[in-house]
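Here's the structure we're looking at; comments come further down.
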Amino acid sequence: MTVITRFAPSPTGSLHIGGARTAIFNWLFARHNKGKFLLRIEDTDQARSTDESLDEILRSMEWLGLNFDDIPIRQSERLEIYREYANKLLDSGKAYRCYVSPEELEQKRKEAQQNGEFFQYKRQWASESAGQDEPFAIRLSTPDHGDIQVHDLLRGIINFDAKEIDDFVILKMDGFPTYNFAVVIDDSLMEITHILRGDDHLINTPKQILIYEAMGFKVPMFAHVSMILGSDKTKLSKRHGATSIEAYRDFGYLPEAMINYLARLGWSYGDEEIFSKEGLIEKFSLENLGKSAAVFNPEKLTWLNTHYLKEKPGKEIAELIIPLMKDKGYNAELDDKLLMIIEQLRDRSKTIIDFVDQSHYFYTDHIEYEKKARDKFLKEDNIPVFKSLIKQLTMLESFDQDSIHKTFEDIMKKTGLKLGKIAQPTRVALTGGTVSPGIFEVMEILGKEKVIDRLNKALSAIGGN
RNA sequence: GGCCCCAUCGUCUAGUCGGCCUAGGACGUAGCCCUCUCAAGGCUGAAACACGGGUUCGAAUCCCGUUGGGGCUGCCA
């Protein structure tokens, strides 16, 4: 049997952390089993679905590298199909027309609630059929008693009492299918074998099983994965901060870090933490999925990001940061200078953005001294140091780390100063601040001309010439 | 309220059918080392089986209950 899974987002917003993870699980399960991973757009809510959301979801999927097989299916283009199947149910007596207006129902529901009663629609108003011209919804006729069993691959058998399930609507008055109905029709027609979805859908499953049975369709396998929560352990939402995949991309996170982190949230493989995409495909299995909800932890994501940043080829990092640097007005291009900068900034960057932020003094000649740095390191007693540095560096023929290092040692010997006493003022002179890669590396990358120039500027800032 | 799910360090988790667990790893955190700053790296530490009953020679692991958390309760998906 070929495994066929699907991801079925509704284009009513961004692809967020939770949705991305169920997509990842479905994708991994399909790829692991050499099956198919399909995409279906659930856009039956005309009011809330937008093309912008759809575009963003597709963009995020591509960014994550979650490739799907076949062209995506759009539910809004399949209205006829749902109507046809709903009519079949009508004809066979497994569904019936309901003429009660939503407003009226809402009223009844409210009244029941106020009286502390349990509200349920079980055909009691079915006879209130108005004339044939009146608009109607179609409801499924559900059993009054008995158990409905959900066989969940993760949680075993879960029993639902048929009494709890009312005659829910399958086709709305506007002719659109409801979520539960469209899902079942499509999952059947698409021949989905395994449905991996969020825990929050568990309650929908008995309803969907009822539809499968009424239609005479084969019931697929289900696995309800637990949800991702915010730090306060409630359902992850906007108030927890950034939740969309695109936001993390813009923060400078790598897709490989995102995939690794999300896959590891609710799934594990012994003590292993680092998984490449290939590793995940090879190792993923339903048995290792956890049952309890997981809290989203941005710090661990960041740690993974630094890990992947360390091993990403310099050229690839360059491709990612060059556009961002250009936005800042830096004259950056893929050359040895940029590659050297990347190597120096690798261990010092948590995100792609960090590379850009930390490289400013390599791409601008206007160095602004941080106040604290200037007060502490650009002082009169440094004048002799700067002077001898300028003098000796100027004489250097080859401006590489070794030669620079030797020059520093020479000055240390002559003055009796420790390296720190020379390096820090120099750092401030060259970068404007007290934090940077190793001073020799910085100097080599900047080149002789700029180094001497900046040292001179620092000297005059102190009043040394 | 009703129904359903869940319960190991702050967080993600290991713990496969009860003994090897004085509970392991990772993130974060504390200290130390390295060191021209900042990182990175190395070492060390603090930190958890929700509670109460069973079953058993023996339970984090099985059963029941309590508590806690989450989800659902729409002609939203």
Side-chain angles (χ1 to χ4, degrees), chain A residues 8-12 42-45 47-49 75 98 100-103 105-106 109 113 116-120 135-139 150 152 154-155 158-161 163-166 168-174 176-180 182-183 198-206 224 226-227 229 231 233-235 261 264-274 287-288 290-304 306 310 344-350 354 358 373 377 405 408 418-428 431 433-440 442:
Chain A
S10 55
T12 54
E42 310 218 322
D43 54 352
T44 52
D45 186 337
R48 296 197 305 142
S49 300
Q75 290 188 327
C98 167
V100 186
S101 73
E103 295 73 26
L105 264 177
E106 187 54 41
R109 192 174 284 122
Q113 204 169 35
E117 288 164 14
F118 176 55
F119 180 83
Q120 197 182 46
F136 59 88
I138 299 180
R139 287 177 182 270
V150 174
D152 188 283
L154 260 186
R155 300 166 200 278
I158 303 156
N159 287 305
F160 291 88
D161 194 329
K163 279 202 296 268
E164 303 289 335
I165 296 168
D166 64 356
F168 56 93
V169 171
I170 57 175
L171 207 70
K172 306 178 210 171
M173 272 185 181
D174 63 5
F176 279 70
T178 58
Y179 162 74
N180 280 315
V183 161
D199 216 344
D200 47 340
H201 285 287
L202 194 44
I203 205 78
N204 284 317
T205 309
H224 290 90
S226 45
M227 327 216 339
L229 310 177
S231 52
K233 302 213 172 196
T234 62
K235 196 172 178 173
Y261 177 72
R264 203 38 204 71
L265 206 57
W267 176 84
S268 64
Y269 193 79
D271 281 345
E272 289 184 40
E273 295 286 352
I274 307 292
E287 290 82 68
N288 293 325
K291 288 195 281 193
S292 48
V295 173
F296 179 70
N297 179 220
E299 268 113 31
K300 191 155 183 182
L301 205 211
T302 301
W303 171 73
L304 280 165
T306 62
K310 275 176 207 157
Q344 290 309 314
L345 260 24
R346 264 210 138 87
D347 286 341
R348 282 165 248 261
S349 301
K350 293 181 191 299
D354 284 347
Q358 295 183 88
F377 295 106
H405 197 157
F408 269 65
K418 287 191 172 175
L419 180 55
K421 292 286 180 191
I422 305 172
Q424 273 308 77
T426 307
R427 193 182 320 271
V428 176
T431 71
T434 55
V435 174
S436 86
I439 195 67
F440 309 127
V442 170

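Residue numbers start from 1 in every chain, and the chains themselves are labelled A, B, ... in the order their sequence lines are given, proteins ahead of strands.
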For H224(A) and D152(A), does a side-chain donor sit closer than 3.5 Å to a side-chain acceptor? yes

Using a strict cut-off of less than 4.0 Å between a Lys/Arg side-chain nitrogen and an Asp/Glu carboxylate oxygen, indicate whether D161(A) and K163(A) qualify as a salt bridge. yes

Any donor-acceptor N/O pair under 3.5 Å between C36(B) base and R427(A) side chain: yes

With both distances under 3.5 angstrom, what nucleotide forms a Watson-Crick or G-U wobble pair with G1(B)? U73(B)

Can you tell me the Watson-Crick or wobble partner of C51(B), both distances under 3.5 angstrom? G65(B)

Please confirm whether the shortest side-chain N or O distance from K233(A) to OP1 or OP2 of C6(B) is below 4.0 Å. no

Side chain of K310(A) - closest among C76(B), G41(B), U11(B): G41(B)

Under 4.0 angstrom, heavy atoms only, what part of the nucleic acid is G266(A) near: base, sugar-phosphate, or nothing? sugar-phosphate

Looking at G25(B), A39(B), C12(B), which one has an atom nearest to any side-chain atom of A294(A)? C12(B)

Among the candidates A77(B), G70(B), C38(B), find the nucleotide nearest to the side-chain atoms of V435(A). C38(B)

Measuring only the C1' atom in each nucleotide, how far is G18(B) from C62(B)? A whole number of Å is fine. 8 Å

Taking pairing as Watson-Crick or G-U wobble with both contacts under 3.5 Å, can you name the mate of G10(B), or confirm there isn't one? C27(B)

5' precedence on RNA chain B between T434(A) and M173(A) (nearest-nucleotide basis): T434(A)

Identify which nucleotide among G71(B), C12(B), C5(B) has an atom closest to any side-chain atom of L202(A), counting heavy atoms from C-beta outward. C5(B)

Scan N204(A) against the nucleic acid and name what it touches under 4.0 Å (heavy atoms): base, sugar-phosphate only, or nothing. base

If you compare every side-chain N and O of K163(A) against the phosphate oxygens of G2(B) (OP1, OP2), does one of them come in below 4.0 Å? no

Can you see whether S349(A) engages Q358(A) through a side-chain donor-acceptor pair at a distance of less than 3.5 angstrom? yes

Categorize T44(A) for me: base, sugar-phosphate, or nothing, with a 4.0 angstrom heavy-atom threshold over every strand shown. sugar-phosphate

Indicate whether OP1 or OP2 belonging to C5(B) is found under 4.0 Å from a side-chain N or O atom of S292(A). no

What's the closest nucleotide to the side chain of W303(A) if the choices are C4(B), G25(B), A26(B)? A26(B)

Using atom C1' of each nucleotide, how far apart are A39(B) and C51(B) to the nearest Å? 45 Å

Taking the six-membered ring for Trp and the full ring for Phe, Tyr or His, determine whether the centres of Y261(A) and F296(A) are under 6.0 Å apart. yes

Does a nitrogen or oxygen in the side chain of K172(A) sit under 4.0 Å from OP1 or OP2 of A77(B)? yes

When you measure from the side chain of T178(A) to the backbone N and O of V169(A), does any donor-acceptor pair fall under 3.5 Å? yes

By nearest-nucleotide position on RNA chain B, the 5'-leaning member of S349(A) and E164(A) is E164(A)

C1' gap between C9(B) and U29(B), integer Å: 12 Å

Among C3(B), C75(B), G25(B), which nucleotide has an atom closest to any side-chain atom of A137(A)? C75(B)

Side chain to side chain contact (heavy atoms under 4.5 Å, CB included) assessment of V183(A) paired with N180(A): CA-CA 5 Å; V183(A) 161; N180(A) 280 315; 5.7 Å; no

Below 4.0 Å: OP1/OP2 of C75(B) and any side-chain N or O of R109(A): yes

Do the side chain of D199(A) and the base of G71(B) come within less than 3.5 angstrom through a donor-acceptor pair of N or O atoms? no

Please give the distance between the C1' atoms of C21(B) and G58(B) as a whole number of Å. 13 Å

I want to check one thing: is the phosphate of A14(B), taken as OP1 and OP2, less than 4.0 Å away from some side-chain N or O of S268(A)? yes

